[in-house]
Amino acid sequence: MSLLQIFLYPFTLIYQGITDFRNHLYQIGSKKSFSFEVFVINVGNLTVGGTGKTPHVEYLIRMLKDQYPLATLSRGYGRKSKGFILADESANASLIGDEPMQFYHKFSAEVGIAVGEERAFAIPHILFERPKTKVILLDDAFQHRAVTPTCNILLTDYERLFYQDFPFPSGRLRESRYGARRADIVIVSKCPENLSHDQKEGIRDQIYPYTKTNTPIFFTGIRYAPLQPAVFGKIPSDQPITQETSVVLFSGIARHGGLEKYVKEHFREVTHLKFADHHHYQQKDLEKIIRTWQQADHTSKIILTTEKDYVKLIPKSTLFSQIPLYYLPIEIYFQGEEELFNSLIINGITNFYSSNK
């Protein structure tokens with residue numbers, strides 16, 4: 001622990017005591033937690049931000065959407081609205097939040113996308129609006145104890161493994177490490193490609209003391225998909241994008257390092273404008289981005305952002321109508337045992353509905 005962490009540790013003990021007591025009240029039934037006659041999968045974490053929940057939810061969507069009527073439910077962090085909203089054609093990032101808007105942008109034709117701060121009240125709304133729904137994916141509800149998920153998936157970032165961290169404010173945990181006991185599955189996310197078998201086993205050995213017996217632990221990495229042009233941007237067909245292309249990158253995410261490293265490895269020059277996670281882009285921000293691109297001294301140059309940031313620009317599309325704007329999608333991949341993970345989810349859903357007939 002650093003000197004600052006040591007100084008803050010008494011406050012950590014107070015914070016941990018409060019969160020432990022709250023969890024205890026749910027454990028003994030003094031605070032009510034609701035279960036539903038629909039299979040609910042939660043994807044959450046113990047750490048504040050940046051573990052890769054969104055691409056893991058998207059993985060589950062792709063895996064399940066052709067087999068089950070599906071809906072996602074998020075809090076809609078950073079949105080300028082309140083209450084339950086089932087996204088429709090009027091949806092935008094200000095109304096439902098950037099990550100739910102990303103889900104809507106990709107999957108609205110097949111999946112119901114909803115937001116609501118109180119998930120225990122939002123789930124009945126989803127079932128009323130979409131009564132055929134069989135699976136609901138909760139995005140970032142590990143600490144939302146008012147709902148008891150059927151399957152609780154806990155993510156922990158390889159670079160910030162929860163067993164090496166402390167609760168707030170001396171660390172970045174939202175609650176005690178032993179909150180991991182509520183997990184049915186643990187996924188170590190954002191792993192390097194060359195993670196060895198022995199390294200994985202070492203991490204498993206460190207996680208097991210905090211989880212239920214025989215909790216399966218998986219390892220995933222992040223893969224960047226090919227660049228996608230903005231539908232409202234100018235595509236420079238006469239100037240193909242290559243490693244010689246100059247990039248003005250901007251992002252409003254929790255952790256910028258991995259994105260910046262990838263872009264620098266694949267393009268000639270990179271100027272990176274960084275914004276806070278869930279940043280609401282104002283006119284002056286966008287003008288600064290475009291001005292930076294205009295001032296870049298290179299004939300082949302583009303503006304590049306994340307998919308999460310891209311969906312926030314759609315209402316401001318006219319600003320970029322003559323600008324070569326691209327976004328960089330990401331997806332997760334399993335470092336072994338993908339079929340085992342998939343079968344745990346599918347079998348869990350099958351057994352749930354078989355036992356509830």
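What's counted below: heavy atoms across the whole structure, side chains too, no hydrogens, waters or symmetry copies. Along the sequence shown, the residues carry numbers beginning at 1. Model, not experiment: these values are computed from the prediction.
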What do you reckon, is [atom1] of [X] surrounded by more than 12 foreign heavy atoms closer than 6.0 Å?
{"X": "Glu37", "atom1": "CD", "answer": "no"}
{"X": "Glu338", "atom1": "CD", "answer": "yes"}
{"X": "Tyr68", "atom1": "OH", "answer": "yes"}
{"X": "Arg79", "atom1": "CZ", "answer": "yes"}
{"X": "Phe121", "atom1": "CZ", "answer": "no"}
{"X": "Asp297", "atom1": "CG", "answer": "no"}

In one Ile/Leu/Val/Met/Phe/Trp/Tyr side-chain cluster, 4.5 Å: [X], [Y]:
{"X": "Ile330", "Y": "Val247", "result": "yes"}
{"X": "Leu137", "Y": "Leu154", "result": "no"}
{"X": "Phe341", "Y": "Val188", "result": "no"}

Expected output: side-chain [X] to main-chain [Y] donor-acceptor under 3.5 Å:
{"X": "Lys274", "Y": "Ile253", "result": "no"}
{"X": "His280", "Y": "Gly78", "result": "yes"}
{"X": "Gln199", "Y": "Ser196", "result": "yes"}
{"X": "Thr245", "Y": "Ile241", "result": "no"}
{"X": "Lys80", "Y": "Gly97", "result": "no"}
{"X": "Gln67", "Y": "Ile346", "result": "no"}
{"X": "Gln5", "Y": "Ser2", "result": "yes"}

Go through it in stages, so that I can follow the logic: the residues are Asp88 and Ser90, the test is side chain to side chain donor-acceptor pair (under 3.5 Å), and I'd like the CA-CA distance, side-chain angles, deciding distance and then a yes or no.
CA-CA 5 Å; Asp88 58 21; Ser90 66; 2.5 Å; yes

Looking only at heavy atoms, what is the nearest atom pair of [X] and [Y], with distance?
{"X": "Leu344", "Y": "Pro216", "result": "CD1-CG, 3.8 Å"}
{"X": "Ala120", "Y": "Ala146", "result": "CB-O, 4.0 Å"}
{"X": "Val38", "Y": "Thr150", "result": "O-OG1, 3.8 Å"}
{"X": "Thr306", "Y": "Tyr327", "result": "O-CB, 3.9 Å"}
{"X": "Ser81", "Y": "Glu117", "result": "O-OE2, 4.1 Å"}
{"X": "His272", "Y": "Ser251", "result": "NE2-OG, 2.8 Å"}

If you measure from the Lys or Arg side-chain nitrogens to the Asp or Glu carboxylate oxygens, is any gap between [X] and [Y] under 4.0 Å?
{"X": "Glu287", "Y": "Arg291", "result": "no"}
{"X": "Glu99", "Y": "Lys53", "result": "no"}
{"X": "Lys212", "Y": "Asp184", "result": "yes"}
{"X": "Arg119", "Y": "Asp139", "result": "no"}
{"X": "Arg204", "Y": "Glu201", "result": "yes"}

Which of these passes side-chain contact (heavy atoms from CB on, under 4.5 Å) with Thr72: Ile113, Leu138, Ile126, Val43?
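With Thr72 as partner, Ile113, Leu138, Ile126, Val43 yield a single side-chain contact (heavy atoms from CB on, under 4.5 Å), made by Ile113.
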
[atom2] on [Y] to [atom1] on [X], rounded to 0.5 Å:
{"X": "Tyr326", "Y": "Ile302", "atom1": "OH", "atom2": "CD1", "value": "6.5 Å"}
{"X": "Leu46", "Y": "Arg177", "atom1": "CG", "atom2": "CZ", "value": "10.5 Å"}
{"X": "His266", "Y": "Gln243", "atom1": "NE2", "atom2": "CD", "value": "7.0 Å"}
{"X": "Ile61", "Y": "Phe103", "atom1": "CD1", "atom2": "CZ", "value": "5.5 Å"}
{"X": "Leu70", "Y": "Phe39", "atom1": "CG", "atom2": "CZ", "value": "11.5 Å"}
{"X": "Phe142", "Y": "Thr51", "atom1": "CZ", "atom2": "OG1", "value": "11.0 Å"}

Could you tell me which residues satisfy side-chain contact (heavy atoms from CB on, under 4.5 Å) with [X], sequence neighbours excluded, listed by chain and number?
{"X": "Ser30", "answer": "Leu25, Ile28"}
{"X": "Pro149", "answer": "Val40, Asn42, Asn152"}
{"X": "Arg268", "answer": "Glu244, His298"}

Listed pairs under 3.5 Å, donor-acceptor, residues 217-225 side chains, sequence neighbours left out:
{"from": "Thr220", "atom 1": "OG1", "to": "His56", "atom 2": "NE2", "distance (Å)": "3.0"}
{"from": "Tyr224", "atom 1": "OH", "to": "Leu259", "atom 2": "N", "distance (Å)": "3.4"}

side-chain hydrogen bond (donor to acceptor under 3.5 Å, both in side chains) pairs, two or more places apart, involving [range]:
{"range": "residues 101-116", "result": "Glu58-Gln102, Glu58-Lys106, Lys65-Glu110, Lys106-Glu307"}
{"range": "residues 120-131", "result": "none"}
{"range": "residues 156-166", "result": "Asp157-Arg255"}

Yes or no on side chain to side chain donor-acceptor pair (under 3.5 Å) for Glu175 and Gln16, after CA distance, side-chain angles and deciding distance?
CA-CA 6 Å; Glu175 58 176 301; Gln16 182 174 325; over 6 Å; no

Using the ring-ring contact (aromatic ring centres under 6.0 Å, His included) rule, collect all pairs that involve residues 4-28, keeping only residues at least two apart or in two chains.
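Qualifying pairs: Tyr15-Phe168.
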
Name all pairs fulfilling the ring-ring contact (aromatic ring centres under 6.0 Å, His included) condition that reach into residues 192-213, sequence neighbours left out, sorted by first residue then second.
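Output for this query lists Phe162-Tyr210, Tyr178-Tyr210.
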
Other than Val48, what residues sit in its cluster of Ile, Leu, Val, Met, Phe, Trp and Tyr side chains whose heavy atoms are under 4.5 Å apart, directly or through others?
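Traced through the cluster, Val48 reaches no other member.
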
Transitive ILVMFWY cluster of Phe128, excluding itself - 4.5 Å side-chain cut-off
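Besides Phe128, the hydrophobic cluster comprises nothing; the residue is isolated.
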
Do Thr292 and Ile289 touch side chain to side chain, with heavy atoms closer than 4.5 Å?
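No - every pair of side-chain heavy atoms lies 4.5 Å or more apart.
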
I'd like to check Ile41 versus Ile345 (side-chain heavy atoms, cut-off strictly below 4.5 Å). Are they in contact?
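Heavy-atom side-chain distance check passes, below 4.5 Å.
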
Listed by chain and number, what are the ring pair (Phe, Tyr, Trp, His ring centres under 6.0 Å) partners of His144, not counting sequence neighbours?
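Scan of His144 (ring pair (Phe, Tyr, Trp, His ring centres under 6.0 Å), adjacent residues dropped) gives none.
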
Ring centres under 6.0 angstrom apart (Phe334, Tyr59)
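For Phe334 and Tyr59, the ring centres are under 6.0 Å apart.
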
Side chain to side chain donor-acceptor pair (under 3.5 Å) partner of His279, the single match among Asp309, Asp285, Asp98
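Exactly one candidate clears the test, Asp285.
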
